[in-house]
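Structure first, then comments.
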Amino acid sequence: MKWAIVRFPGSNCDEDARFALEKAGIRAEFVWHTAQDLRGFDGVFLPGGFSYGDYLRAGALAAKSPVMAEVRRFAQEGRYVIGVCNGFQVLTEAGLLPGALLANLNLHFTCKEVGVRVERTDLPFTRLYRQGQVLRLPIAHAEGRYYADPETLKRLEGEGQVVFRYAPLGEEAHYNPNGSLNDIAGIVNERGNVLGMMPHPERAVDPILGGEDGLPLFLGLVQEVAG
Amino acid sequence: MPRYQATLLIELKDGILDPQGRAVEGVLQGLGHPVESVRVGKVLEVVFQAENLLQAEEKAKALGKLLANPVMEVFALEALKELP
């Protein structure tokens with residue numbers, strides 16, 4: 001199994017993504033944002049970072065990269081695409097996922113561990129988690145406030161497209177770190193093969209990194225193929 | 001071909017909370033300026049060639065559509081002028 005990790009100018013979680021994929025037993029190759037051919041790959045990972053320095057809007061310029069036309073085709077074929085943090089922003093800017101990610105309510109770049117509840121487990125990304133399990137995952141972003149118009153939000157909730165939601169790790173009352181509507185931390189497209197999330201599972205795949213709650217997400221991808 | 005300069009204004013849609021505007025508003029009020037509200041947007045000045053003013057306007061609007069994110073933004077063509 002082989003995944004492509006797309007590098008945009010300003011990506012900085014690309015090595016973390018490789019570490020996580022390889023730890024799960026997946027071959028990972030870096031692909032430059034000008035690539036126009038993703039044949040031979042089983043999945044595409046859009047890593048976090050600050051593509052194009054977040055100019056215009058976070059992810060806006062990367063969403064117009066040559067590789068994104070191919071990522072779109074890839075997604076339409078039903079193959080797997082994961083976008084984390086800036087990668088999630090790129091996916092919404094490219095229209096591959098609904099909604100948008102706006103400036104955090106407190107205007108701060110927020111870098112900390114948060115609780116993330118698993119809302120469905122019938123996806124390859126979440127099949128190794130328990131329904132309702134609260135993961136401990138790091139976030140590191142300034143534009144992570146998920147927004148969608150009321151109609152889109154209703155559809156997302158109705159179709160079960162909300163995969164991850166911010167949740168308290170303990171007793172804390174203020175667990176939503178950025179003001180995301182409905183505490184949304186991650187969503188999938190209708191077909192369930194394109195995942196976007198603000199928390200970083202790839203930064204939580206080894207005890208030395210502070211936890212391994214992100215690892216099952218990557219291991220689930222392998223099981224999907226193995227059947 | 002004549003050159004034109006378009007001024008595009010991109011703003012958050014009404015009703016979408018703009019924390020940047022809120023922060024500016026707070027500072028202005030702290031300085032004793034009783035403003036009602038502040039919203040922060042972006043201005044883009046784009047220079048390009050077109051056959052005539054009508055075509056230039058079409059091009060400018062197409063650029064605005066490309067650069068604004070319709071999920072949370074609206075754009076307006078604020079000004080369009082032919083350059084000498």
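Lettering of chains follows the sequences in order, A, B, ..., and the numbering in each one begins at 1. What you see below is based on every heavy atom in this structure, not just the backbone, and it leaves out hydrogens, waters and symmetry mates.
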(request) Indicate yes or no: does A:Arg39 engage A:Glu77 in a salt bridge with an N to O separation below 4.0 Å. (result) no
(message) I'd like to know if A:Arg73 pairs up with A:Glu70 as an ion pair, taking the criterion as any Lys NZ or Arg NE/NH1/NH2 lying under 4.0 Å from an Asp or Glu carboxylate oxygen.
(response) yes
(request) Name the region of B:Leu67, side chain, backbone, both or neither, that has any atom closer than 4.5 Å to a heavy atom of chain A. (result) both
(request) Give a yes or no on whether a salt bridge exists between A:Glu157 and A:Lys154, defined as a side-chain N under 4.0 angstrom from a carboxylate O. (result) no
(message) Please classify the contact between A:Leu61 and chain B as side chain, backbone, both or neither, with a heavy-atom cut-off of under 4.5 Å.
(response) neither
(message) Between A:Asn189 (side chain only) and A:Leu97 (backbone N and O only), is there a donor and an acceptor less than 3.5 Å apart?
(response) no
(request) Keeping the roles fixed (side chain from B:Arg22, backbone from B:Leu17), state whether a donor-acceptor pair exists under 3.5 Å. (result) no
(request) Look at atom CG of B:Asp14 and say whether more than 12 heavy atoms of other residues, nucleotides or ligands are closer to it than 6.0 Å. (result) no
(message) Can you confirm whether A:Val71 sits close enough to A:Leu38 that some side-chain heavy atom of one is under 4.5 Å from a side-chain heavy atom of the other?
(response) yes
(request) Please flag which part of A:Asn106 lies under 4.5 Å from any non-hydrogen atom of chain B: side chain, backbone, both or neither. (result) neither
(request) Please tell me if the side chains of A:Leu105 and A:Asn178 come closer than 4.5 Å, counting only heavy atoms from C-beta onward. (result) no
(request) Would you check if the side chain of A:Asn12 reaches a backbone N or O of A:Phe50 as a donor-acceptor pair within less than 3.5 Å? (result) no
(request) Enumerate by number any residue of residues 131-146 of chain A whose heavy atoms lie under 4.5 Å from heavy atoms of chain B; in the absence of such residues, state 'none'. (result) A:Arg145
(message) Counting only non-hydrogen atoms closer than 4.5 Å, can you tell me which residues of residues 38-62 of chain B sit against chain A?
(response) B:Lys42, B:Leu44
(message) Can you tell me which portion of A:Ala60 sits under 4.5 Å from chain B's heavy atoms? Options are side chain, backbone, both or neither.
(response) neither
(request) State, yes or no, whether a side-chain contact exists between A:Val67 and A:Trp32 at a heavy-atom distance under 4.5 Å. (result) no
(message) Keeping A:Arg72 on the side-chain end and A:Leu96 on the backbone end, is there a donor-acceptor pair under 3.5 Å?
(response) no
